[in-house]
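Just so it is clear: chains get the letters A, B, ... in the order the sequence lines come, proteins before strands, and each one is counted from 1.
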2 protein chains.
Amino acid sequence: MANKITIYDIADALNISPATVSRSLNDHPSISSKTKERVVVHAKKVGYRINKFAANLSHQKSNTIGVIVPKLNSYFMSTVLSGIEKIANDHGYNLIISQSFESENKEKLNAKTLFESGVDALMVSLAFETITYDHFEAYREQSIPLLFFDRVQQFKNCPTIVIDNLQAGFDATEHLIQQGCNNILHVCGNLKRNVYLDRFEGYKKALRKYGLKYERPNLLETNLDLNDGKVFLEHLKISKKKFDGIFVSNDTMAVACMRSLLKRGVKIPEEIKIVGFNNDPISEIISPNLSTIDYPGFKMGKLAGQSIISHLKGNINIQSAETILLNHQLIIRESSLKK
Amino acid sequence: MANKITIYDIADALNISPATVSRSLNDHPSISSKTKERVVVHAKKVGYRINKFAANLSHQKSNTIGVIVPKLNSYFMSTVLSGIEKIANDHGYNLIISQSFESENKEKLNAKTLFESGVDALMVSLAFETITYDHFEAYREQSIPLLFFDRVQQFKNCPTIVIDNLQAGFDATEHLIQQGCNNILHVCGNLKRNVYLDRFEGYKKALRKYGLKYERPNLLETNLDLNDGKVFLEHLKISKKKFDGIFVSNDTMAVACMRSLLKRGVKIPEEIKIVGFNNDPISEIISPNLSTIDYPGFKMGKLAGQSIISHLKGNINIQSAETILLNHQLIIRESSLKK
DNA sequence: TATTTATTCGCAATCGGTTGCATGGATACT
DNA sequence: AGTATCCATGCAACCGATTGCGAATAAATA
């Protein structure tokens with residue numbers, strides 16, 4: 001049968017008050033260890049399980065952290081989530097994960113739902129589309145910890161976990177230049193998002209440093225999707241420039257480009273050198289191996305988790321570190337090497 | 001300021017009872033549309049947000065579905081989760097996702113936590129290790145819908161979403177045989193799990209059909225991890241058999257095997273043919289392209305979600321379909337083709 | 001023994017919605 | 001006009017745990 005045991009049942013059975021039962025179960029100091037023992041033993045015997053609804057209602061917290069990501073089925077994102085989940089779980093928090101599918105609207109809906117669900121904190125990686133941020137106001141009003149990771153937006157008192165995308169973009173581009181490229185195409189994602197904008201800036205900075213000029217046809221903005229290969233080919237066709245290097249803002253798209261090129265008989269790296277971003281497993285598998293930027297997803301997730309948790313526990317010492325910058329690493333493989 | 005508006009505040013402001021406010025907000029039929037209008041408008045004006053804790057406590061449901069998976073950062077699993085999340089979200093349910101990291105203990109803990117969190121349903125893909133199932137008893141006692149997907153265990157009244165792993169294993173193996181292999185190694189995962197056991201059975205069935213004999217050295221049980229390549233090579237060494245075909249129970253491991261072999265100068269498919277499982281993106285990227293079994297993750301997730309939702313909504317018609325069998329598809333690529 | 005000081009524990013309010021039942025008033029019917 | 005019917009709303013209990021404050025008992029001190 002359904003065993004709906006409440007603290008009242010236990011109280012009756014033991015001839016004590018529900019208050020005492022509650023305190024015993026929570027190991028409150030003002031209860032004698034004798035009574036505690038009795039309560040705990042009896043509770044276990046009858047299979048008592050706390051009713052979180054009631055507990056939550058009382059102290060107005062849910063031990064739950066909300067997460068909104070663009071989509072969870074990417075290598076990078078699922079790795080980050082894995083890291084977040086691990087930390088959250090280790091600290092007794094549950095994770096409610098929702099996807100925005102790159103839509104600002106969905107993101108707003110998710111933010112609202114999670115707010116109403118009473119999450120104790122919210123972690124967000126922004127959608128491509130998002131340009132207004134009022135859906136986070138409710139959180140800030142109630143001072144519910146809010147954190148952005150990867151695709152971020154700066155707010156005061158709101159930690160941010162990122163890598164130095166500008167520097168990474170610079171590193172990738174500089175590497176291509178050093179390998180002899182002087183007409184480099186940059187394939188980026190939505191420039192409204194910091195990650196892509198910063199990488200683009202890094203790209204331009206590298207060009208400037210080496211006295212190369214940047215022109216509009218050197219930039220291709222896409223969804224970075226595996227089947228954006230056609231868009232890429234199309235771009236090659238209309239911009240009549242002859243590129244000798246490509247810096248792509250993620251590996252998935254880099255692979256799409258490589259495949260398009262290889263299919264056309266273009267030799268990589270001899271004719272065109274390529275660098276991707278993310279260090280997805282495919283980057284190491286594809287032939288030629290793809291040079292890329294390693295981007296520590298699991299670590300980012302763990303840090304994000306730790307940051308939020310310490311906010312929740314009121315450790316103010318983290319406050320100072322509003323922005324955590326993770327190290328990236330340029331991984332040089334065949335796809336970009338001068339032969 | 002923190003705007004903690006309750007229905008009582010609204011009731012006071014409008015000189016009506018909280019009951020009426022509650023009913024208005026829930027569009028209860030016995031409230032005049034005039035009052036409803038007043039309430040809704042005023043609620044929006046003052047920024048009222050329902051307190052789910054209280055609501056949950058009242059009707060004893062959370063609009064939340066729990067999910068336990070071995071780990072969420074695999075292509076297949078994150079795809080399934082994406083499907084589940086989509087359906088759940090479309091129907092107003094939140095998803096609490098947790099990982100067992102292949103540990104039975106962690107799985108039990110997660111099950112307990114989710115139970116106490118008051119999830120309305122639980123969806124599970126089992127850990128490698130799991131051999132006892134008492135952690136699901138609490139759910140069954142309270143008749144909280146429970147569903148298994150992919151890595152499943154049969155319980156009565158408990159839906160199950162799988163592909164026909166036996167048939168898939170058979171298909172893969174038969175294909176290898178038809179390509180001329182007659183000494184086929186099977187690299188599998190933990191045989192306690194249905195998916196791997198069934199694929200193994202399918203493998204043996206195919207051997208039987210073609211009069212090939214199965215011997216112990218033809219089987220290698222691993223964690224199917226990308227860096228299990230050494231284990232694989234080790235096995236090749238000790239079992240002195242000369243394999244001409246390999247059926248691997250997932251693509252990640254298949255890729256690990258291929259790389260080990262290619263590094264040793266073994267020609268694929270000329271000397272050894274390989275078939276994997278999952279149709280991960282890497283299978284199409286690696287050279288030679290990996291033949292594999294396509295396994296519809298997103299669809300599985302959506303079906304799992306739909307099944308649970310209809311249970312929750314009390315549509316009994318699904319009851320009949322306790323086991324949903326998804327179609328798989330053998331995808332033949334270079335790695336297994338007779339030249 | 002009387003009084004102070006801890007210890008343990010219970011009372012009762014509280015968290016914020018939900019809902020069965022009762023009530024008062026409006027409308028309909030004979 | 002008198003009675004039956006309906007509609008809209010309010011009353012109050014309830015969901016189950018938490019917690020400030022006070023009381024009762026036990027232990028310590030004078």
Do A/Lys36 and A/Arg23 come close enough that some side-chain heavy atom pair is under 4.5 Å?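 Contact flag for A/Lys36/A/Arg23 side chains = no.
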Sub-4.5 Å side-chain heavy-atom contact between A/Glu107 and A/Glu129: no
Could you give the [atom1]-to-[atom2] distance, from [X] to [N], as a whole number of Å?
| X | N | atom1 | atom2 | result |
| --- | --- | --- | --- | --- |
| B/Asn15 | D/dG10 | CG | P | 9 Å |
| A/Ile31 | D/dT18 | CD1 | P | 12 Å |
| A/Ile10 | D/dG16 | CD1 | C1' | 12 Å |
| B/Leu14 | D/dT9 | CG | C1' | 13 Å |
| A/Lys34 | D/dA26 | NZ | C1' | 11 Å |
| A/Arg38 | C/dT8 | CZ | P | 14 Å |
| A/Asn63 | D/dA17 | CG | C1' | 14 Å |
| A/Asn56 | D/dT19 | CG | P | 12 Å |

Looking at the rings of A/Phe115 and A/Tyr139, which for Trp means the six-membered one, are their centres under 6.0 Å apart? yes
Classify the nucleic acid contact of B/Ser32 as base, sugar-phosphate or nothing, counting any heavy atom under 4.0 Å across all strands shown. sugar-phosphate
Are A/Thr79 and A/Ser82 linked by a side-chain donor-acceptor pair shorter than 3.5 Å?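 The answer is no; no qualifying pair exists.
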Minimum-distance nucleotide to B/Thr35 side chain [options: C/dT8, D/dA8, C/dG10]: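 Of the candidates, D/dA8 comes closest.
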Measure the acute angle between the ring planes of A/Tyr133 and A/Phe136, then classify it against the limits of 30° and 60° as parallel, tilted or perpendicular.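 Because their plane-to-plane angle is under 30°, the rings of A/Tyr133 and A/Phe136 count as parallel.
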I need a per-nucleotide contact map over nucleotides 14-22 of chain C, read 5' to 3'. Cutoff is protein heavy atoms under 4.0 Å; write B for the base, S for backbone only, - otherwise. -BBBBBBB-
Below 4.0 angstrom, N of the basic side chain to O of the carboxylate: do A/Glu85 and B/Lys71 qualify?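 A salt bridge is absent here (no side-chain N lies under 4.0 Å from a carboxylate O).
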